[in-house]
Amino acid sequence: MALDKYEVHEHDVIVIGAGGAGLRAAIEASAQGAKTALICKSLLGKAHTVMAEGGIAAALGNVWPEDNWKVHFRDTMRGGKLLNNWRMAQLHAQEAPDRVKELEAWGALFDRTPDGRILQRDFGGHRYARLAHVGDRTGLEMIRTLQQHAVHKGIDVFMECTITRLLKDGDRIAGAFGYWRESGRFVIFKAKAVVLATGGIGKIWKFTSNSWEYTGDGVTLALDGGAHLIDMECYQFHPTGMVWPPSVRGILVTEGVRGDGGTLKNALGERFMFKYVPEFFRAETADTEEEADRWYTDKKNNRRTPDLLPRDEVARAINTEVKAGRGSPHGGVFLDIASRRDAKYIQRRLPSMYHQFKELADVDITKESMEVGPTAHYMNGGVRVDADTAVTAVPGLFAAGEIAGGLHGANRLGGNSLSDLLVFGRRAGLYAAEYAKNFKGTLTVDAGQVEALARACLDPFERTGGENPYAIHQDLQECMQSLVGIIRTEGELKKALEEVATLRERCRRIKIDGNRQYNPAWHLALDLHSLLTVSHAVTLAALERMESRGGHTRDDYPKTDPELGKVNLVVRKVGTELTVGREPLLQMPPELRQLLEGDK
Amino acid sequence: MTVLDALVEIQREQDPTLAFRYSCRVGMCGSCAVVINGRERWACRTLLASLKTEAVTVRPLYHFPLIRDLVVDMAPFAAKMKAAGAVFVAKEGEEAFAPIGRNVKERRQIDGAIECIGCGACLSACTMVGWNEQYAGPAALNRAFTLMADSRDGAGAERWPLLLSEDALVRCHGQANCTEVCPMELSPTDSILKLRRKSIFQLVRSAHRLDTSGATVVA
Ligand SMILES: Cc1cc2nc3c(=O)[nH]c(=O)nc-3n(C[C@H](O)[C@H](O)[C@H](O)COP(=O)(O)OP(=O)(O)OC[C@H]3O[C@@H](n4cnc5c(N)ncnc54)[C@H](O)[C@@H]3O)c2cc1C
Ligand code: SF4
């Protein structure tokens with residue numbers, strides 16, 4: 001058969017992506033007895049998850065015994081402006097504590113309360129201190145623990161291997177097609193079930209906290225394979241990224257700076273956040289600087305500082321200040337902790353931030369203000385999945401982690417991603433293994449299709465056109481940054497759609513020099529299909545949601561629209577076209593609805 | 001401008017095929033370690049200006065097989081971890097969650113050595129790794145140290161023979177090149193010394209056990 005000339009592997013379950021979600025899925029599938037492969041495009045251990053600093057949200061009740069899954073559920077739904085899939089929010093809140101404890105049983109070591117239990121820290125939007133953490137390197141500990149556990153379990157790992165297409169047999173999943181980055185040779189994975197755990201899409205914007213891997217591959221694999229996306233318009237911009245020097249623009253400045261006393265100021269020295277407290281949060285937010293400052297030491301008798309409003313609110317406020325001409329020299333605002341806390345305290349509480357600014361920007365944050373501005377951070381939406389099983393619309397295809405939509409609704413709370421990875425990573429692995437076990441038919445991979453995929457991948461070497469993939473990526477980032485950023489309007493969104501189409505045309509003229517061996521220009525040329533597809537999907541959905549909600553803000557529709565609050569926007573690929581449609585939210589059972597209404 | 005920024009710019013403007021690894025850009029993932037002006041450093045956190053030289057030379061890490069340009073095969077790194085048994089194995093029968101306090105000696109020892117980002121700089125700088133491919137090297141022994149200090153770990157008995165083999169603890173000559181280059185400011189040298197100290201007790205114990213069971217002692 002024609003597949004003979006390719007390297008072919010056969011498994012029950014393959015997991016694409018080796019961040020927290022992928023590792024946890026692979027561990028579970030393998031524990032269920034499925035022959036499991038784990039595939040990732042960077043080296044094992046370098047996935048985005050390693051960057052997570054703040055912590056993992058779980059209602060352990062260690063610091064506040066009042067905390068339980070019901071409160072966590074309520075906070076998550078409220079934070080998501082009720083667009084969330086309620087069942088995911090429920091499972092997430094219920095199962096997160098077990099997943100955290102399990103990590104410890106596998107060797108992780110979280111920070112401790114004085115009596116030896118897992119310590120929890122405060123974060124925006126969580127009623128109680130809820131984030132289990134390891135200093136400011138929670139992601140590193142999580143990745144190491146999961147990775148060692150996975151390798152120990154004998155899972156087959158394929159590193160620096162990029163998947164470019166899912167393979168199907170009729171309606172069902174049959175495997176995946178990709179290439180080795182090192183040699184450029186193609187490889188075929190035959191599998192009964194596939195779990196997508198490839199993370200997000202942040203590299204479509206110019207200013208982003210995300211790593212180079214976030215080109216939206218998994219989202220595109222899913223769309224091309226027949227799955228659906230939801231809530232793509234609700235992308236999260238984190239309010240505080242670095243803005244200077246240009247090369248580090250977008251790198252995250254943790255919410256912890258404000259948690260530990262830092263405050264936002266404009267060029268006039270005003271603490272401007274007091275001007276931007278929305279009605280929804282007014283009752284629980286301080287309205288004088290004195291009260292806000294007292295809150296840090298006396299949380300019982302004072303209300304929270306507006307500097308710690310949810311991320312969407314703060315990001316919009318900064319944007320408005322800059323547009324009004326009250327920004328910092330390099331187009332951000334000031335984040336000042338230097339004048340508010342002593343140098344020792346800052347260095348002890350925020351060691352990575354201290355080093356980050358010292359080394360990258362030559363700014364001593366114990367002496368000077370930081371310049372910060374919004375940065376693309378997290379995909380709240382993503383591939384639509386069934387809450388309990390993580391299966392997508394395609395039989396045999398599962399998705400978990402940042403790539404999956406639903407849990408976070410229109411806006412994610414900090415810390416709710418790491419817990420998401422574990423809860424739904426495990427579920428995806430479990431149900432993928434079960435699906436594989438119950439599948440009794442045979443699956444065939446179409447040799448003709450593989451041949452065509454391989455040829456398409458090699459096309460850029462053969463062309464005569466003069467386009468450079470880096471230039472196209474840069475132009476896409478400029479386009480998305482200026483036209484599909486935090487604040488959107490119909491005219492700009494339509495213009496973005498046109499530009500994305502033009503960039504797609506330019507892609508046809510990309511010419512790659514050199515050979516296939518570890519050739520980054522070629523890798524990017526192939527990634528561009530994903531980058532353009534997800535840009536298109538985000539823009540389409542943003543046009544359709546004619547209101548402002550959570551991570552999605554329309555200048556031409558600044559209010560929320562109750563009718564649109566009843567639907568998710570769903571993006572599909574029909575033929576070669578992307579379409580967007582409205583679909584009603586899942587109905588929440590009354591006993592859960594009551595939890596939300598209990599106290600506003 | 002950092003060395004990584006410079007590499008990215010060269011890739012964009014001059015040589016689109018220039019191969020190097022990076023991921024997070026903020027010193028968390030450990031992908032971008034290379035040899036800069038003769039010393040192992042992370043490209044993302046090294047400012048060109050801080051090097052104070054007109055021209056800056058960049059080459060791939062030593063002691064790893066070269067793939068292309070600045071990209072090396074990191075497989076030896078994982079292999080060494082395995083050779084030193086540097087994997088957590090929960091103690092049998094112990095309650096799944098055993099508390100380790102927050103300011104106990106055990107915790108302080110582990111915390112001081114745990115933040116390895118797997119960059120490989122220490123292996124590149126280690127002359128003993130250069131001499132002997134089999135040597136487990138600083139990163140793996142450092143990790144083994146944190147596990148040996150961890151009361152929840154149950155694999156000590158299997159790990160000791162690996163650590164006491166001729167390609168592990170005894171190989172280190174204490175030159176501390178690893179400690180000098182570690183971007184996370186860990187001291188694998190210190191971890192190795194502490195493990196050696198522990199191993200003396202261990203040797204005495206196992207020699208005793210072997211003697212009484214009548215087996216021969218392997219030096
Ligand atoms: C700076 C920063 C700090 C953060 N801090 C926190 C925090 O404190 N708490 C919190 O809850 N969340 C935090 N987040 C968010 C959180 O870290 C991420 O959402 C989460 O780690 C994503 O995990 P994942 O498993 O879905 O994917 P990732 O960890 O991103 O893994 C994706 C995997 O997919 C692979 N992959 C991608 N494309 C392909 C392909 N085509 N073929 C093969 N493999 C592919 C990659 O190689 C990688 O292994 C933070 C994010 C950032 C950027
Ligand atoms: S010990 Fe230090 S130098 Fe060695 S791999 Fe770990 S972080 Fe890198």
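First the proteins, then the strands, lettered A, B, ... as listed; each starts at 1.
- Of the atoms belonging to A:Leu360, heavy atoms from both backbone and side chain fall under 4.5 Å from chain B.
- Using cut-offs of 30° and 60° for the angle between ring planes, the A:Trp522 and A:Tyr179 rings count as tilted.
- Under the 4.0 Å criterion applied to side-chain N and carboxylate O atoms, A:Asp527 and A:Lys203 are not assigned as salt-bridge partners.
- In this structure, B:Met28 and B:Ile117 have side chains that are not in contact, with every pair of non-hydrogen atoms separated by 4.5 Å or more.
- Of the two parts of B:Arg68, only the side chain, counted from C-beta on, holds a non-hydrogen atom closer than 4.5 Å to a non-hydrogen atom of chain A.
- Contacts from residues 139-148 of chain A to chain B, taken as heavy-atom pairs separated by less than 4.5 Å, involve A:Leu140, A:Glu141, A:Arg144, A:Gln148 in sequence order.
- Contact annotation for A:Ala525: neither backbone nor side-chain heavy atoms come within less than 4.5 Å of a heavy atom of chain B.
- Proximity to chain B is absent for every atom of A:Pro246, based on heavy atoms less than 4.5 angstrom apart.
- With respect to B:Arg107 and A:Asp111, a salt bridge is recorded, a charged nitrogen being found less than 4.0 Å from a carboxylate O.
- Interface remark: of the candidates B:Ala78, B:Cys44, B:Ala90, B:Gly30, B:Gly30 forms the most heavy-atom pairs closer than 4.5 Å to chain A.
- Salt-bridge check for A:Glu102 with A:Arg99: passed, with a basic side-chain N closer than 4.0 Å to an acidic carboxylate O.
- Atoms CZ and OG1, from A:Phe207 and A:Thr375 in turn, are 8.5 Å apart once rounded to the nearest 0.5 Å.
- Put simply, of B:Asp69, B:Val104, B:Leu18, B:Asp111, the one with the most heavy-atom pairs under 4.5 Å next to chain A is B:Leu18.
- Between A:Arg181 and A:Glu213, none of the side-chain N atoms (NZ, or NE/NH1/NH2) sits under 4.0 Å from a carboxylate O, so this pair counts as no salt bridge.
- There is no contact between A:Tyr214 and chain B, counting heavy-atom distances below 4.5 Å.
- In this structure, A:Phe158 and A:Trp180 have tilted ring planes: the angle between them lies in the 30° to 60° band.
- Residues B:Arg45 and B:Thr2 have side chains not in contact (no heavy-atom distance under 4.5 Å, counting atoms from C-beta outward).
- Side-chain contact between B:Leu48 and B:Val3: present, with at least one pair of heavy atoms (C-beta onward) separated by less than 4.5 Å.
- B:Arg39 places a side-chain N or O within 3.5 Å of a backbone atom of B:Glu180 that can act as its donor or acceptor partner.
- Ranked by heavy-atom pairs under 4.5 Å with chain B, the first of A:Glu160, A:Arg137, A:Met51 is A:Arg137.
- For residues 121-149 of chain B, heavy-atom neighbours of chain A at less than 4.5 Å comprise B:Arg143, sorted by residue number.
- Only the backbone of A:Asn210 comes within contact range of chain B, with heavy atoms under 4.5 Å apart.
- Using a 4.5 Å heavy-atom threshold, the side chains of A:Thr162 and A:Leu526 count as separate.
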*Given A:Thr254 and A:Asp136, is the side chain to side chain donor-acceptor pair (under 3.5 Å) satisfied, shown in steps?*
CA-CA 9 Å; A:Thr254 173; A:Asp136 52 9; over 6 Å; no
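- Contact tally against chain B (heavy-atom pairs below 4.5 Å) for A:His473, A:His152, A:Glu182: the top residue is A:Glu182.
- For chain B, the nearby parts of A:His355 are the backbone and the side chain; heavy atoms of each come within less than 4.5 Å.
- From A:Tyr470, atom OH reaches atom CD of B:Glu9 across 13.0 Å, with rounding to the nearest 0.5 Å.
- Counting heavy-atom neighbours within 6.0 Å of B:His63 NE2, excluding the residue itself, gives a total above 12.
- For the options A:Gly514, A:Pro114, A:Pro245, heavy-atom pairs under 4.5 Å to chain B are most numerous at A:Pro114.
- Taking 4.5 Å as the limit, every side-chain heavy atom of B:Leu47 sits out of range of all side-chain heavy atoms of B:Met1.
- The closest donor-acceptor contact from the side chain of A:Lys511 to the backbone of A:Pro460 lies at 3.5 Å or more, if one exists at all.
- By number of non-hydrogen pairs under 4.5 angstrom with chain A, the leading residue of B:Ser23, B:Ala19, B:Cys29 is B:Ser23.
- Contacts of A:Ser183 with chain B are absent, with no heavy-atom separation under 4.5 Å from either backbone or side chain.
- Taking 4.5 Å as the limit, every side-chain heavy atom of A:Gln356 sits out of range of all side-chain heavy atoms of A:Ile365.
- Of the residues considered (A:Ser247, A:Ala521, A:Ser352), A:Ser247 shows the highest number of contacts with chain B, using heavy-atom pairs under 4.5 Å.
- For chain B, no part of A:Glu53 is nearby; none of its heavy atoms comes within less than 4.5 Å.
- No part of B:Glu13 comes within reach of chain A, as not one of its non-hydrogen atoms sits under 4.5 angstrom from that chain.
- At a threshold of 4.5 Å between non-hydrogen side-chain atoms, the residues B:Met74 and B:Arg21 count as touching.
- The part of B:Val71 that comes within reach of chain A is its side chain, from C-beta onward, which places non-hydrogen atoms under 4.5 angstrom from that chain.
- With contacts defined as side-chain heavy-atom distances shorter than 4.5 Å, the pair B:Tyr62/B:Glu40 qualifies.
- Within the 4.5 angstrom heavy-atom criterion, atoms from both the backbone and the side chain of B:Glu115 approach chain A.
- At a 4.5 Å heavy-atom cutoff, the contact between B:Val89 and chain A is made by side-chain atoms alone.
- Proximity to chain A is limited to the backbone of B:Ala86, based on heavy atoms less than 4.5 angstrom apart.
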